[in-house]
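Here is how names work: the chains are called A, B, and so on, in the same order as the sequence lines, proteins then strands, and each is numbered from 1. Nothing here was measured: the structure is a model prediction, and the numbers come from that model.
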Number of protein chains: 2
Amino acid sequence: MSDLPSGEIGYLLARAGGRAIRNLNRALEPFGLRSRHYTVLAASAAHGGLSQRELGGVLGVDPSAVVALVDDLERAGLVRREPHPDDRRTRLVAVTEQGATTLAEARELAGQVDTELLDALTVAERQTLEKLLRRIAAS
Amino acid sequence: MSDLPSGEIGYLLARAGGRAIRNLNRALEPFGLRSRHYTVLAASAAHGGLSQRELGGVLGVDPSAVVALVDDLERAGLVRREPHPDDRRTRLVAVTEQGATTLAEARELAGQVDTELLDALTVAERQTLEKLLRRIAAS
DNA sequence: TATTGTTATACTCTATAACTATA
DNA sequence: TATAGTTATAGAGTATAACAATA
């Protein structure tokens with residue numbers, strides 16, 4: 001039926017996912033950011049003051065990688081590292097005003113990139129896809 | 001509703017795809033192969049004698065990477081590089097008997113890995129997912 | 001001139017181990 | 001003892017440019 005190997009869905013997921021992040025990376029180039037910066041920025045804004053460890057957990061990114069990503073974002077003035085009130089080891093990542101502005105613009109682009117990627121699907125199908133992917137992610 | 005950034009479907013695709021290939025890599029470890037070797041082997045078997053350039057095209061892998069993957073597979077005795085009858089530049093990748101045997105075993109594992117990954121979905125939902133992913137891939 | 005395979009190279013991503021300061 | 005952040009490092013994946021042989 002197909003010329004793809006067994007384990008086909010995994011293969012299709014990997015290819016589509018790869019395309020998605022490449023497209024997003026290209027779209028974010030004007031900001032000097034890559035897709036992982038965007039996810040860190042977005043998660044920080046959504047949760048409001050996560051520790052770096054928590055960020056890594058939420059995003060599935062290794063803590064050592066989070067350090068570098070937050071370094072970049074902080075250097076760009078998009079986030080600040082703030083002390084944790086009770087634990088002097090942990091540092092909370094807070095989005096700056098500039099970070100919020102940039103995030104809004106980047107979010108717009110990310111939405112467009114997704115729309116392009118899913119061009120072949122109807123809106124209902126995109127919702128179905130998202131629902132199925134969330135179920136996989138949760139398992 | 002969710003704490004994931006816009007561009008969410010792309011993000012979900014990338015995460016699920018990453019999990020899929022990591023799982024497959026782990027499953028293929030006993031063979032000394034990684035997921036990309038598996039896809040090259042499977043595509044070579046399915047099409048029967050593709051050139052390396054064609055393999056790269058079908059799989060979305062850079063030609064220079066195909067060289068290294070075929071090197072590995074050839075060293076392991078799973079494929080042979082054969083001359084193209086009409087064009088002395090191109091080399092056709094043929095699966096050996098041992099390669100076919102290994103492929104069958106690996107395909108079994110790949111199927112199991114997919115099944116595990118999609119554990120949370122019904123069979124009908126998996127088919128829906130596959131159909132949607134193929135539509136994306138084709139676009 | 002263009003194309004196939006190849007080599008070299010560089011950059012990103014991922015993962016691990018080890019260190020520090022705190023808990 | 002254990003945990004958060006950090007640094008260093010190594011391996012895999014991805015991408016580009018350049019070259020030789022051939023078309």
(message) Quick check on DNA chain D: between A/D71 and B/G60, whose nearest nucleotide comes earlier from the 5' end?
(response)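 Result of the comparison: A/D71.
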(message) Checking side chain to side chain contact (heavy atoms under 4.5 Å, CB included) between B/L33 and each of B/L24, B/L78, B/N25, B/V40, which is the one that passes?
(response)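 Of the listed residues B/L24, B/L78, B/N25, B/V40, the side chain to side chain contact (heavy atoms under 4.5 Å, CB included) partner of B/L33 is B/L78.
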Could you work out which one of [options] sits closest to the side chain of [X]?
| X | options | answer |
| --- | --- | --- |
| B/R22 | C/dC13, C/dT14, C/dA8 | C/dT14 |
| B/R89 | D/dA4, C/dT12, C/dT4 | C/dT4 |
| A/N25 | D/dG5, C/dG5, C/dC13 | C/dC13 |
| B/P63 | C/dT6, D/dA2, C/dA2 | C/dT6 |

(request) Under the salt bridge (Lys or Arg N to Asp or Glu O under 4.0 Å) rule, what do B/E29 and B/R34 come out as? Steps first, then yes or no, please. (result) CA-CA 7 Å; B/E29 234 169 49; B/R34 301 184 64 77; 5.7 Å; no
Please state how far atom [atom1] in [X] lies from atom [atom2] in [N], giving the value in whole angstrom units.
| X | N | atom1 | atom2 | answer |
| --- | --- | --- | --- | --- |
| B/D72 | D/dA12 | CG | C1' | 12 Å |
| B/R91 | C/dT7 | CZ | C1' | 14 Å |
| A/Q52 | D/dT3 | CD | P | 18 Å |
| A/R88 | C/dA21 | CZ | C1' | 9 Å |
| B/L69 | C/dT7 | CG | P | 14 Å |
| B/D62 | C/dT12 | CG | C1' | 15 Å |
| A/L24 | C/dC13 | CG | C1' | 15 Å |
| A/R80 | D/dG5 | CZ | C1' | 19 Å |

(request) Determine whether the side chains of A/Y11 and A/R15 contain a donor N or O and an acceptor N or O closer than 3.5 Å. (result)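 Yes, because at least one side-chain N or O of A/Y11 sits under 3.5 Å from a partner of the opposite role on A/R15.
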(request) Output yes when at least one side-chain N/O atom of B/R81 is less than 4.0 Å from OP1 or OP2 of C/dT4, else no. (result)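 Looking at the OP1 and OP2 atoms of C/dT4, neither is under 4.0 Å from any side-chain N or O of B/R81.
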(message) Is there a side-chain contact between A/R34 and the phosphate of C/dC11, meaning an N or O under 4.0 Å from OP1 or OP2?
(response)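 It does not, given that no N or O in the side chain of A/R34 lies less than 4.0 Å from OP1 or OP2 of C/dC11.
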(message) What I want to check is whether an N or O donor and acceptor connect the side chain of B/R53 with the base of C/dG5 at under 3.5 Å.
(response)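 Present.
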(request) Please evaluate the base of C/dT14 for a donor-acceptor partner in the side chain of A/S64 within a cut-off of under 3.5 Å? (result)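 Under the 3.5 Å cut-off, the side chain and the base do not form any donor-acceptor pair.
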(message) Within the 4.0 Å heavy-atom criterion, would you say B/D87 contacts the bases, only the backbone, or no part of the nucleic acid?
(response)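 Touches sugar-phosphate only.
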(request) Before accepting this row, confirm whether a basic side-chain N of the pair B/E130/B/R126 lies closer than 4.0 Å to the acidic partner's carboxylate O. (result)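 The answer is no: the pair does not qualify as a salt bridge.
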(request) Could you tell me whether A/R135 and B/E125 make a salt bridge, using a distance below 4.0 angstrom between a side-chain N and a carboxylate O? (result)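 Salt bridge between A/R135 and B/E125, a charged N being under 4.0 Å from a carboxylate O: yes.
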